[in-house]
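Throughout, protein chains are lettered first and strands after them, A, B, ... in sequence-line order, and every chain is numbered starting at 1. Computed from heavy atoms alone, side chains included, the values below leave out hydrogens, waters and symmetry copies.
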Amino acid sequence: MITMDNYEGWLMRYADGELNDAERAEVERFLQGHPELQEELEEVCSVKVTAPVSALPGKEALLHKEGFYLSPVWRAAAAVALLMVAGGITMLLNNRSEEKPLVAKVEKPRQEHIDTIIKVSSLQEPKAASSPDRVHTPTAKEGRPLMGTPEVRQECQEVAVEVSPQCDSDEIDEPRRGDTATIPTPTLPHIRGGMLVVETDGLVQQEAQLADAPSTLEKIQEFFMRPE
Amino acid sequence: MTTREYNDCVRRYGDDLYRFALRYAGETMAAEDAVQDTFVLLWEQHREVNADKVKGWLIRILYRRLIDEHRHETVKMRNEKEEMRKEESWRQHEGFELHDALQQALNQLPEQQRILLLMRDLEGYDYAEMASQTGISVDQVGVYLFRARRTMKKLMEDYR
């Protein structure tokens, strides 16, 4: 019930539209009995507080760098997803490591295909005193037997023939510096690409540069063609 | 709320809060400090604050900050220099004479009436929101507002 002791709140709520229909009707009946309060209400409602248009100084300093934020639930989901991706990558890498590497391999010449390797340098004609121990080609002038005789053959075998290293197994190794490649050859020793080539049961080993290959080659071919 | 929501909040409500604080405190320095402190507190707690209710949160914090500052200011004696600084700060705004009369009247109001009047006129709060923010009943909000406006009317007429 509205009285002279509590009318302030009722009138203010009435003016601000905070009452329902019944309460509004009650206020209007009260004001009809107190016209002086109607005038006071109009004066009170004329007061309106405003504020100057002002911008907050230093507003930009209050801003913070925007980062990527995930709620705890999404953070947990992201962690699980990350672990799954990491596990998948690990499994993939393990599977790939079990496969044969995509690197070319050269089969090492096997022992049964290699009989001899002719050291061409040892068959060169002697030149001054450069390598007197190894370069030793017999000549008639020196009173030594000519190429093709049993003595020369024996000397050539002793001086100029080396046997390739033994290959104990059939395993395939990575190619290394110094390994030799196999290519088909004709029957007799010959020169190819400046190298002296000697057939060894269908396979060939080629070695050092031949300085004066034609003359030496002729002697070697004669040696190989003569019957025992 | 996220950092982006916090920044949006600063851009969206910063000026309104400053105008609110400016009217309540009557000087730029105190208003600026109160709003800055309010946003600093919001940043410290922004993870826990609901973005949908941040406006009410800001007004409540600012209101308490202004009340505390006002009580602190009334305890200590303001010297003449401070009064001159306050008056000068208002002269920086256009139409300062009108605002000065309004401000002088506002400064005479009890703090609760002043806050309610600013909430209603500057922020457009309804009675339920004001009651929630200030912790008083809806009926009491009406009483305080009626008395605040009646006092303001009388003080402004005396000033003129």
> Is the backbone N or O of B/Ala128 less than 3.5 Å from a side-chain atom of A/Glu18, with the two atoms forming a donor-acceptor pair by type?
Replying inline: no

>> Taking salt bridge (charged side-chain N to carboxylate O under 4.0 Å, His left out) as the definition, give me every residue that meets it alongside B/Asp121, ordered by chain and number, with sequence neighbours left out.
In response: A/Lys48, B/Arg149

>> Which heavy atom of B/Gly142 sits nearest to which heavy atom of A/Arg13, and what is that distance?
In response: CA-CG, 4.3 Å

>> Walk me through whether B/Val10 and A/Lys59 qualify under side chain to side chain contact (heavy atoms under 4.5 Å, CB included).
In response: CA-CA 7 Å; B/Val10 172; A/Lys59 192 192 311 180; 3.5 Å; yes

>> Among residues at least two apart in sequence or on other chains, which ones pass salt bridge (charged side-chain N to carboxylate O under 4.0 Å, His left out) with B/Glu123?
In response: B/Lys55

> What residues of residues 28-42 of chain A sit under 4.5 Å from chain B when you count only heavy atoms?
Replying inline: A/Glu40, A/Leu41

>> For a quick test of reading the model, state the closest non-hydrogen atom pair linking B/Leu22 to A/Ser54 and the distance between them.
In response: CD2-OG, 3.7 Å

> So which of B/Phe39, B/Trp43, B/Tyr6 has the biggest tally of heavy-atom pairs under 4.5 Å with chain A?
Replying inline: B/Trp43

> Can you name the nearest heavy-atom pair linking A/Ser46 to B/Lys153, along with the distance?
Replying inline: OG-NZ, 3.4 Å

> Within a strict 4.5 Å, meaning less than it, do heavy atoms of the B/Val143 and A/Met12 side chains meet?
Replying inline: no

>> Looking at every heavy atom in both A/Val49 and B/Leu122, which two are closest together, and how far apart are they?
In response: O-CD2, 3.8 Å

> Looking only at heavy atoms, what is the nearest atom pair of B/Thr3 and A/Lys65, with distance?
Replying inline: CG2-O, 3.4 Å

>> With a 4.5 angstrom heavy-atom cut-off, is it the side chain or the backbone of B/Arg147 that approaches chain A, or both, or neither?
In response: side chain

> What pairs with B/Arg64 under side-chain hydrogen bond (donor to acceptor under 3.5 Å, both in side chains), at least two apart in sequence or on another chain?
Replying inline: none

> What is the minimum heavy-atom distance between A/Pro52 and B/Arg19, and which atoms define it?
Replying inline: O-NE, 3.3 Å

>> Is there a side-chain contact between B/Arg150 and A/Val47 in this structure, where contact means two heavy atoms from C-beta onward sitting under 4.5 Å apart?
In response: no

>> Please classify the contact of A/Tyr7 with chain B as side chain, backbone, both or neither, using a heavy-atom distance under 4.5 Å.
In response: side chain

